Amino acid sequence: MIKAITGTKDTLPSEINKWYLLENLVKKIFSCYNYKEIRTPVFEETALFCRGIGTSTDIVSKEMYTFIDRRETSLTLKPEMTASVVRSFIENAMDKKQSLNKLFYISPMFRQERPQAGRFRQFHQFGAEALGSNDPLLDAEMIIMAYNIISNIGLKNLEVKINSLGVPESREKYKTELRKFLAGKEAGLSEDSKKRIDTNILRIFDSKDENDQKIMADAPLLINHLDDESIAHFEKVKKVLDSLKIPYTVDPKLVRGLDYYTNTTFEIISGSVGSQSALCGGGRYNLLVEQLGGGAIPGIGFAAGIERILLACENENVLNLPEEKIDVYVVRLDKELDAEAYLLAESLRKENLQVEVDYLLRSVKAQMREANRLNAKYALFFGGEEYSSGEAVLKNMSEGTEEKINIKDSLSIISKIQR
RNA sequence: GUGGGCGUAGCUCAGUUGGUUAGAGCGUCUGGUUGUGGCCCAGAAGGCCGUGGGUUCAAGUCCCAUCGCUCACCCCA
């Protein structure tokens, strides 16, 4: 038996309505903030992600689905959206058409990681990118939009964490200081963290190793080494969040993994999923557009994991949708009248009713069981004696009441059904 | 890439110290008088017990390998 690829899964009809609901909420909220949807190809030239995300990151160094096409070009299934959006932004000269571009997306992403709770190899994100302004109000807007969507859906066990990484100059100065602090303490660090001293020293703060945590408890914090402008920027973001009573905490140890972040970074964490608890993450990237060959244009964005949000919903027992119902089940009383029964169903469907008929030539009893299983509001008995007088029997399934109606007069049927 | 747990009907799971034709509940299908659902009752279909090898008179049960699922580490949404 051929099975779905490891780390991928089918979204079955029984769960699709939750996706619709979340996607519609996403579109509605983004539209309130005047963000416009953008769709980009699922694959791009590999070089885009190497330059955009950073070759030293785990995503680029070991998690990408990369392949060579017939023209010997290296292509990669997109592991995240920001690089693609920025590429499109530059390629389509969006900054020349309007000075601020506010974009959103809902799209599959691909990363070759080991699957676990809330992590898949093909997963889906929605997110937003605002390109063209360094206004801290936009930083706040990103956090607010993400928080609104996630809390609107009914999730409770949430934590908003924010931090500022400042600008590269102050960050480099700080890293040197952190290295000085760690000098002589390497022996006590975990193997992973020893490596991080060279690769990504900030990430040592994130370590789950107890000894690492102890050592880092006294380490100098980046947030205390920011330049004045970054501090002012961060203060303004916090002020807006305070005014709107967004329940956030400043987490000086929140270090996002991708190379392109500057200034504000944030995450929304759920306590209701497994170890992969970040439902959403984002931040400002004022250098990325230029790095990808565009102008010196500031940007900020976030991405949220749909599967993780739905998992949290399941674990918190929210997002319980009502049972699906259909309007009418046409019960065929005579086998010979199957085509006529179908045509009757068709005329009702033209009036936008949800209608089902039997395609299996089953007994009336079996058809009624089916009607019940489908939660039909009405059963319409077609055939028999009534057929010769141009009538059919309409049964209200919840009341159990029946009445004769004229078949030709489909509008009268509909008025009965739609009341 | 590393480590733990688990693979028995469509689903959730039982299967006793290895011992006859592998079970239950739910679901599906058919019936319970001629053309009527839900509840109830009766019956039926549906399993190379993940795959391959080994031990044994005998393996769903023990051993090895392999594949898959799952959770965690790394990292990320």
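The model shown is predicted, which means the values in this text are computed figures rather than measured ones. Naming: A, B, ... by sequence-line order, numbering from 1 per chain.
Taking atom NZ of residue A/K404 and atom P of nucleotide B/G35, one finds them 16 Å apart after rounding to whole Å. When the C1' atom of B/G37 is taken as reference, atom CZ of A/R362 falls 12 Å away, rounded to whole Å. Rounded to whole Å, the distance from CD on A/E113 to P on B/A77 is 9 Å. One can place CD1 of A/I204 at 13 Å from P of B/C74, the figure rounded to the nearest angstrom. The CE atom of A/M368 sits 15 Å away from the P atom of B/G31 (whole-angstrom rounding).
Applying the 3.5 Å distance criterion, the base of B/U36 shares a donor-acceptor pair with the side chain of A/K395. The base of B/G31 lies close enough to the side chain of A/R369 for a donor and an acceptor atom to sit less than 3.5 Å apart. Scanning atom types as modelled, no donor and acceptor separated by under 3.5 angstrom connect the side chain of A/Q116 and the base of B/U70. For B/C75, its base never sits under 3.5 Å from the side chain of A/E63 at any donor and acceptor pair.
For the pair A/K3 and A/T57, both in contact range of RNA chain B, the more 5′-proximal nearest nucleotide belongs to A/K3. Nearer to the 5' terminus of RNA chain B, by closest-nucleotide assignment, is the contact made by A/K62 (compared with the other of A/K62 and A/F123).
Both distances falling under 3.5 Å, in either a Watson-Crick or a G-U wobble arrangement, place B/G1 opposite B/C73. Across all strands shown, nothing is found opposite B/G37 as a Watson-Crick or G-U wobble partner with both distances under 3.5 Å. Pair assignment for B/G25: B/C11, on the basis of Watson-Crick or G-U wobble contacts that are both within less than 3.5 Å. Nucleotide B/C62 is matched to B/G54 when pairs are restricted to Watson-Crick or G-U wobble geometry with both distances under 3.5 angstrom. Pairing for B/A45 is absent, judged as Watson-Crick or G-U wobble with the two contacts each under 3.5 Å.
Counting heavy-atom neighbours within 6.0 Å of A/E15 CD, excluding the residue itself, gives a total above 12.
Note on A/N372: a base of the nucleic acid sits closer than 4.0 angstrom, heavy atoms only. If you check every strand for non-hydrogen atoms under 4.0 Å, A/L279 touches sugar and phosphate atoms only. The residue A/E402 sits close to a base: some heavy atom pair falls under 4.0 Å. As judged by a 4.0 angstrom heavy-atom cut-off over every strand, A/R203 is placed among residues touching the sugar-phosphate backbone only. Contact annotation for A/F126: no contact, since no heavy-atom pair falls under 4.0 Å across all strands. When heavy atoms are screened at a 4.0 angstrom cut-off, A/A379 is found touching no nucleic acid atom at all. Within the 4.0 angstrom heavy-atom criterion, base atoms lie near A/E386. Residue-level contact check: A/R114 touches the bases, meaning some heavy atom is under 4.0 Å from a base atom. Backbone-only contact: A/T6 has heavy atoms under 4.0 Å from sugar-phosphate atoms and none from a base. Heavy atoms of A/G400 sit under 4.0 angstrom from at least one base atom. Residue contacts for A/G118: at a heavy-atom cut-off of 4.0 Å it reaches a base atom on one of the strands shown.
Between A/Y35 and A/F104, the distance from one ring center to the other does not fall under 6.0 angstrom.
Checking B/A72, B/G38, B/C75 against the side-chain heavy atoms of A/A117 singles out B/A72 as nearest. Proximity note for A/E385 (side chain, C-beta onward) versus B/G32, B/G35, B/A72: the nearest is B/G35. Taking every side-chain heavy atom of A/Q125 into account, B/A77 is the closest of B/G38, B/A77, B/G35. Here the nucleotide nearest the side chain of A/S363, chosen from B/U36, B/G3, B/G31, is B/G31.
For the pairing with A/S277, the side-chain contact (heavy atoms from CB on, under 4.5 Å) check across A/I269, A/I268, A/N157 returns one residue only, A/I269.
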